[in-house]
**Student:** 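The structure's right below; bear with me while I get my questions together.
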Amino acid sequence: MPSIYGPVAHKPRLPSYELITTFDQLFDLVASIGADEFALDFETTSLSPKTGKVRLASICNDSTRALIDFYEIDLPSDGFEHCAFLFSGFSPIVFNAGFEQRWFDHSTRPGSVKCRDVWYLRCAMRGGGRTSLARFAKHELDIEVDKTEQVSDWDAPALTQEQLDYAFLDAEVTWKLYKKFRADADSEQLRCAQMFDDMVPAVIEMEDAGMAFDAAAHTRTLQGWEAERDGLRVQLDELLPDIENINSDTQLSDYFSKSMPDNWLRAWPRTEKTGQLSMTSKSLVLLSGMAPVDSPLRTFLTTLSEYKHISKYCSSFGESLLKSVGPDGRIHARFNIAAAKTCRFSSSSPNLQQTPRGEHVRQAFVAAPGNMLVSLDYSGIELRVLALLTGDERLLEDCVWGDVHATVAEKMTGQPVDKSTPEGKEARRRAKAVSFGIIYGSSALGVAGSMGCSMDDAQSYIDFWADRYPKAFQYRYDMMGEAQGSGVIRMVDGGTVWMSRRPALPKCANYPVQRAALSVMARALIRHKATLDTRRGCLPSPQCMISLVATIHDALIDEVDAGHADAALGWMRNDMTEGYLDVFPGAPTAKLVEGGIGPSWGELE
DNA sequence: AACGAGCGCGCG
DNA sequence: AAAGCGCGCGCTCGTT
């Protein structure tokens, strides 16, 4: 078949590449790559294999530079579908592995091609984040990648020279980036990068499955919020009719700056950048406490706080969540691997990780008819991994066999804590704030701020903590020392995180802990995906559902056929336990996970 | 009209 | 320099 592009020879103005238009050429190309590493990039006619095709694949390493046009390949139809198997056993280097992986999995046995992500390699070496290939290339290579062709028509019978060049450039840039980071990577960092790569199949499963959403029930919930919001709005308008937009913190700040006496303005917390009066819920409650009981001002401030709360639900978790529901009645959120600096996941479109626990939002995330949701979370995982990272026997013992917060509370108050009394609950809550302060690297100032106590009291609480858990306490300073000495901190999974020139204690203290918790979840997720793949292969009826649907930092959620819910819970418990042991071999597993089964996210027993 | 900064707040 | 970690998103407001 003659090529519509004419002679394959290429204009020299850009680094040349071979245009592949026949199956034989492709076969030879793949054979010539052999075991060598190579970068790969697809141009596709849509974002999903369900609705589109792979038009181009560009391949680049030091000895091979090729661009494959699958519309030209001399096969009956849809070239890529029939050629993808040629890449079985290969591990292409890509940017944004989830994308290329989906197309391979659609056309070959899932997992037979395992994409490796150059961005995850960078994350393993420097710490996580999100970027585009263009920004990545600009920052690391100072190469400008013009992305205007990215959204061009990749379905056109004949592609323009610009389209072809752009397509190849992405693979070339990916290869250059990979070489740069691979040259500096040590084996531990590579082990970490592989962990991120290995998470990709689980993430694809979660994103593709989505979570069923009861839009009708949520619409009723939203109507309730809106009625409450509108009622509060009427009250606010009656109390302060001269504020044009009650939703504007700036206008509120201006109003109070003019109308309130100086002693109020001195007490009123300010915002960080612009110094206007803070309108946080905390500030409003603080200020309302200064106003006389039943005064209009007090009523206004408390009502404003309530109004802002319910407005938040309306704007962030009302219509926008309903709009996120796909044609299949499910919400397909994204789970972004290593998106946080600590390489924790982030979630977006929508951010499932910020779904409110209250106001019946989680009840709208349901299992489809005939299914149940199965969920477990690691209990107190951050304190637990802190104990394991530091070898603090007493902290570990308290995490595993006791109640850390109650123990710290007893230490702080000098009295036994009865969790059934309000005093006991309050003491435990305050102890929890201290322990979190330690994990976050707080100073006495921070602890005092979060607990609403004096600096002296806060310091004494911290001293109690340091006395009981000396190794865990000392760890924070060890990590700061490591950061100051080397500029990086080595994480438990082998990855490293670049720290700023003068690293602050809070970050040095927290990053390794937050990262260790992520590592545990990552190992659990990888194992659980493998378990579900195996179990699905043994099911009597193929339409019987067992799927990962979400991870919320320290929790996993599956949706499963009701008849398999108990079994799935057991598999999940085992996978989460083994994932934890992958990171901390031999660690105690008692009371490690808790959770249950239910018809919705909000009703798990 | 589009964009970014700033703020606030939901979650772990 | 700030000094309790990590996110994403909706809103307002000034700039382009």
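Scope of the values below: all heavy atoms of this structure, side chains included, with no hydrogens, waters or symmetry mates. Protein chains get the first letters and strands the later ones, always in sequence-line order, with residue 1 at the start of each.
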**Student:** Scan side-chain atoms only and decide if N247(A) and Y307(A) contain a donor-acceptor pair under the 3.5 Å cut-off.
**Tutor:** yes
**Student:** Quick one: is dG8(C) close enough that its OP1 or OP2 comes under 4.0 Å of any side-chain N or O from R130(A)?
**Tutor:** yes
**Student:** If I pick the P atom on dA3(C) and the same atom on dC7(B), what distance separates them, to the nearest angstrom?
**Tutor:** 13 Å
**Student:** Who does dC7(B) pair with, Watson-Crick or G-U, both distances under 3.5 Å?
**Tutor:** dG10(C)
**Student:** Can you tell me how far C1' of dC5(C) sits from CG of N510(A), to the nearest Å?
**Tutor:** 3 Å
**Student:** What's the closest nucleotide to the K308(A) side chain, out of dG12(B), dC9(B), dG10(B)?
**Tutor:** dC9(B)
**Student:** I need the NE2-P distance between H309(A) and dC7(B), as an integer number of Å.
**Tutor:** 23 Å
**Student:** Expressed as a whole number of Å, how far does the C1' atom of dG4(C) sit from that of dG4(B)?
**Tutor:** 27 Å
**Student:** According to a strict under-4.0 Å criterion, is N351(A) in side-chain N/O contact with OP1 or OP2 of dC11(B)?
**Tutor:** no
**Student:** Heavy-atom contacts under 4.0 Å between residues 275-286 of chain A and DNA chain B, which residues?
**Tutor:** S278(A), M279(A), T280(A), S281(A)
**Student:** Return the 5'-most residue of the pair D249(A), K312(A) with respect to DNA chain C, ranking by each residue's nearest nucleotide.
**Tutor:** K312(A)
**Student:** Which part of the nucleic acid, if any, lies within contact of Y511(A), taking any heavy atom under 4.0 Å across all strands shown: a base, the sugar-phosphate backbone alone, or nothing?
**Tutor:** sugar-phosphate
**Student:** From the options dG10(B), dG6(B), dG4(C), select the nucleotide whose nearest atom is closest to the side chain of T274(A).
**Tutor:** dG6(B)
**Student:** Does R476(A) make a cation-pi contact with F473(A) (under 6.0 Å, within 45 degrees of the axis)?
**Tutor:** yes
**Student:** For T342(A) and Q514(A), does a side-chain donor sit closer than 3.5 Å to a side-chain acceptor?
**Tutor:** yes
**Student:** Between dC11(C) atom P and R229(A) atom CZ, what is the distance in whole Å?
**Tutor:** 10 Å
**Student:** Examine the side chains of T496(A) and Q189(A) and answer whether a donor and an acceptor come within less than 3.5 Å of each other.
**Tutor:** yes
**Student:** Picking from dG12(B), dC11(B), dG6(C), which would you name as closest to the side chain of Q354(A)?
**Tutor:** dC11(B)
**Student:** Heavy atoms within less than 4.0 Å of DNA chain C: which residues of residues 478-507 of chain A have one? Give them sorted by number.
**Tutor:** R502(A), A504(A), P506(A), K507(A)
